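Given the structure is predicted, the values throughout are model-derived calculations rather than measurements. When a residue number appears, it is its place in the shown sequence, counting from 1.
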Amino acid sequence: MKRLGIFVFYDKEGIVDNYVCYLLKNQEKFLDHLIIICNGQLTDKGRIRLEAFSDDIHIRENTGYDAMAYKLAMTEYLGWDEILKYDEVLTFNDTFFGPFYPFDEVFDKMAFSDCDFWGLTYHAKAYDYFYGTNDILPAHIHTFFSIYRKSVLESEAFQNYWNKFDSTEWFFSDVARHEQFFTKYLEDSGFTWDAYVNASEYNSQEPGSNFNHYYYIAYELIRDYRCPIIKRKNFVIKHMSMQAGNTGEDIANALKYIEKHTEYDVNMIWDNILRLYNITEIKNALHLDYILPWEQKTHEVSRSTAQKAAVIAHLYYEELFPECMKYLEQVPEGIDIYITTANEKIAQEVSQMQEAHGHRGYQIRKVPNKGRDMGALLIECADLFDQYEYLCFVHDKKTKSSVGPATIGKSFFYNMWQNMLKSREYIINILYLFEQNQRLGFLAPPQPIHAEFFGSIGLEWHNDYQMTVDLAKRLGITANLSPDIQCFALANVFWCRTKALRPLIDYGFTYEELPKEPMALDGTVSHAIERIYPYAAQSQGYYSGIVMNTDYASLQNTNLYYYLSGALSKIRMQHMITDYDSIFQSDVLTYCKGKENILIYGAGTNGIKASNILKSNQILIKGFIVSDDQPKQGEKNGFPIFRLSEIPFEKDEIGIIISVAYTRDRREILSNLSKKGYDDFYLL
């Protein structure tokens, strides 16, 4: 048995991570020859790493996706005469982690399958979820790992398909044009197929009930079917808003199972996703919200661990001093406590308490009344990041103001201190959490959602996004910040692993860089620092999450449900809400109401799906818009395509739905529309 492997690699930075090497190492014994095609760039170090597995490496322009790379390997880099020297051809790519089990199991089992080609997993027939239509997609194997046997390789049907294939001009995934129909094409040509993982009990004769197994039941596929891989994209997709929909529990359970029940080093997963993806997406996909008990310890931590930790409390308001001290008295023995203050009276009172009542030793640091809590932490206490492995930072927050009731600030204060220093047992549980999760770097309290903070849900960047981006550049932090993906750390209060925040300490802030006004406004570096903590941790190879005590989690859950119920009740006065996605459908339908001419900017997957949603609600668009520099196509989905400069309607006669997903493209589109005088549009 001679087997050829065609491996397609893509990384936006050209970096070859450890998981890729592990995958290729585990394929070596099954392949007589491996050809590697890199779509895009490849670093010098990356090339050296790949050369350990093959000297047949080709670097090409990143066009046409994986399918075009497969085509070039077969028709140009090798040619059919060379291909036909092999009994089987394996085409696979770098879009998955694994193997968690030996691939021997896969090849041994499939050797007994009397089929012409096979894959690891497959999708049962289903409605077209890409375009949102009732067209039925045929059952098909997933092409990220598929084997074609001699009978297929020799066929005219197979060779003609690839000879004619060209996806270089495709502007969205080749899944919708190639993967979903290639299996059926070969099946119609007389060939049979099979899949290693066959969770058939989840399949239905009703196309609307079928779903992508590796997205939604990855945990069960790995646990019950010994599926040796998991797709990378699972770690950034919140499944509850996707086609099949669930609560998102699957991927976290899968990761825990891989770590506990297989020999696969999950650090290879963390290394890759933390380098490439946005930390908020990772947090949401893995629901990294930690709910810890406060009345009992989950486990004990060693005295040496406690001695590696310290609590820093910045205190300024005299009226809050007694309450803050009650929390600080909960800190377990062995954990050092530092109190920073610019208030001489507070400093004296702490000293008197220790002298008069024999309280534990608090180390007092008198700081200038500059930079507020940021200055106290990043300047006056920067040395502590070298002395301790774990730090907690808290500060008081004024509960009375001239604007609004005092309860607003009071509840914010309650959130911060309750979820950082609720009790001795709770603090020990936080330290144990860090001990048990070596890639955990930063824990923030939950976002406040009461009063005016409710209006910040979904707008967590406020006016601070660009300031945070600029700060990241200054600190040398490379992280995937996006204005469309909100941050989740909104207060300068946290527990951290000190290594995770080294970029902020190594930078060396000065008071001149911090705001001088008593109450820093949005758009200042203070608010950028608050928001950058998880990205700093990510740049150091650590993930971040939210931590709450059990009592506060109950409160937060009740309030979230109350707010959501009220919001949905209001929306239902105009539209039927059946699931999460229908909220957005109702919104775009409201925008279209009363408009005679609707155009959709973008003729890709999102645009076609939007046109189908409108059509199912008896709204027909007048066409699609593409930018002037895009190649003009006649029509799409039965509607004409216009370049922006060729729109045949008056500006005041149309409404434009912008379906393009990428932020950079959206900004360019909005700029172009504004320059041409179009101001009636809807961002999908």
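Under the 6.0 Å distance and 45° angle rule, Lys397 does not count as a cation-pi partner of Phe413.
The distance between the ring centers of Phe494 and Phe442 falls below 6.0 angstrom. Note: Tyr214 and His142 meet the aromatic proximity criterion, with ring centroids under 6.0 Å apart. For Phe412 and Phe453, the ring centers are positioned less than 6.0 Å apart. If you look at Tyr215 and His213, their ring centroids are not closer than 6.0 Å. Less than 6.0 angstrom separates the ring centroid of Tyr563 from the ring centroid of Phe454.
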>> I'd like to know whether Glu530 forms a side chain to side chain contact (heavy atoms under 4.5 Å, CB included) with Met374, so could you lay out the CA-CA distance, the side-chain angles of the two residues, the decisive distance to 0.1 Å, and finally the verdict.
In response: CA-CA 9 Å; Glu530 290 176 351; Met374 289 296 178; 3.4 Å; yes
>> Walk me through whether His450 and Asn559 qualify under side chain to side chain contact (heavy atoms under 4.5 Å, CB included).
In response: CA-CA 8 Å; His450 64 287; Asn559 291 342; over 6 Å; no
>> Would Leu471 and Val525 count as a side chain to side chain contact (heavy atoms under 4.5 Å, CB included) here? Give the steps.
In response: CA-CA 8 Å; Leu471 178 61; Val525 72; 4.3 Å; yes
> Can you list the steps and then say if Leu490 with Glu460 is a side chain to side chain contact (heavy atoms under 4.5 Å, CB included)?
Replying inline: CA-CA 8 Å; Leu490 300 180; Glu460 285 81 5; 3.8 Å; yes
>> As a quick check of understanding, evaluate side-chain hydrogen bond (donor to acceptor under 3.5 Å, both in side chains) for Asn212 and Tyr122, giving each step before the final call.
In response: CA-CA 8 Å; Asn212 192 334; Tyr122 77 103; over 6 Å; no
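For the residue pair Ala254 and Ile230, the shortest heavy atom distance occurs at CB-CD1, 3.8 Å. Contact detail for Cys592 and Ile657: the closest heavy-atom pair is SG-CD1, 3.7 Å. Across all their heavy atoms, Ile273 and Ile282 have their closest contact at O-CD1, 3.4 Å. Listed here is the closest heavy atom pair of Asn492 and Phe393: O-CD2, 3.1 Å. Of all heavy-atom pairs spanning Ile136 and Pro207, the tightest one is CD1-CG, 3.8 Å. Minimum interatomic distance between Lys283 and Asp289 (heavy atoms only, all atoms of both residues): NZ-OD1, 3.0 Å.
At distances below 3.5 Å, at least one donor-acceptor pair connects side-chain atoms of Ser423 with backbone N or O atoms of Trp294.
Side-chain atoms of Asn437 and Tyr542 include no donor-acceptor pair closer than 3.5 Å. For the residue pair Glu249/Tyr219, the side-chain donor-acceptor check at 3.5 Å is not satisfied. Side-chain contact check for Ser456 and His462: at least one donor-acceptor pair (N or O, by modelled atom type) lies under 3.5 Å. Side chain to side chain, Glu220 and Tyr202 meet the donor-acceptor criterion of an N or O pair below 3.5 Å. Inspection of the Asp628 and Ser645 side chains reveals an N or O donor paired with an N or O acceptor under 3.5 Å. A side-chain N or O of Thr95 and one of Lys231 form a donor-acceptor pair less than 3.5 Å apart. Side chains of Tyr535 and Asn480: a donor-acceptor N/O pair is absent below 3.5 angstrom, by distance only. Looking at Asn557 and Tyr562, their side chains never bring a donor and an acceptor atom within 3.5 Å of each other.
Looking at Tyr543, Trp270, Phe97, Tyr277 one by one, the single match for ring pair (Phe, Tyr, Trp, His ring centres under 6.0 Å) with Phe235 turns out to be Phe97.
At most 12 heavy atoms of other shown residues, nucleotides or ligands fall within 6.0 angstrom of atom CD in Glu650. Other residues, nucleotides and ligands contribute over 12 non-hydrogen atoms within 6.0 Å of the NZ atom of Lys595.
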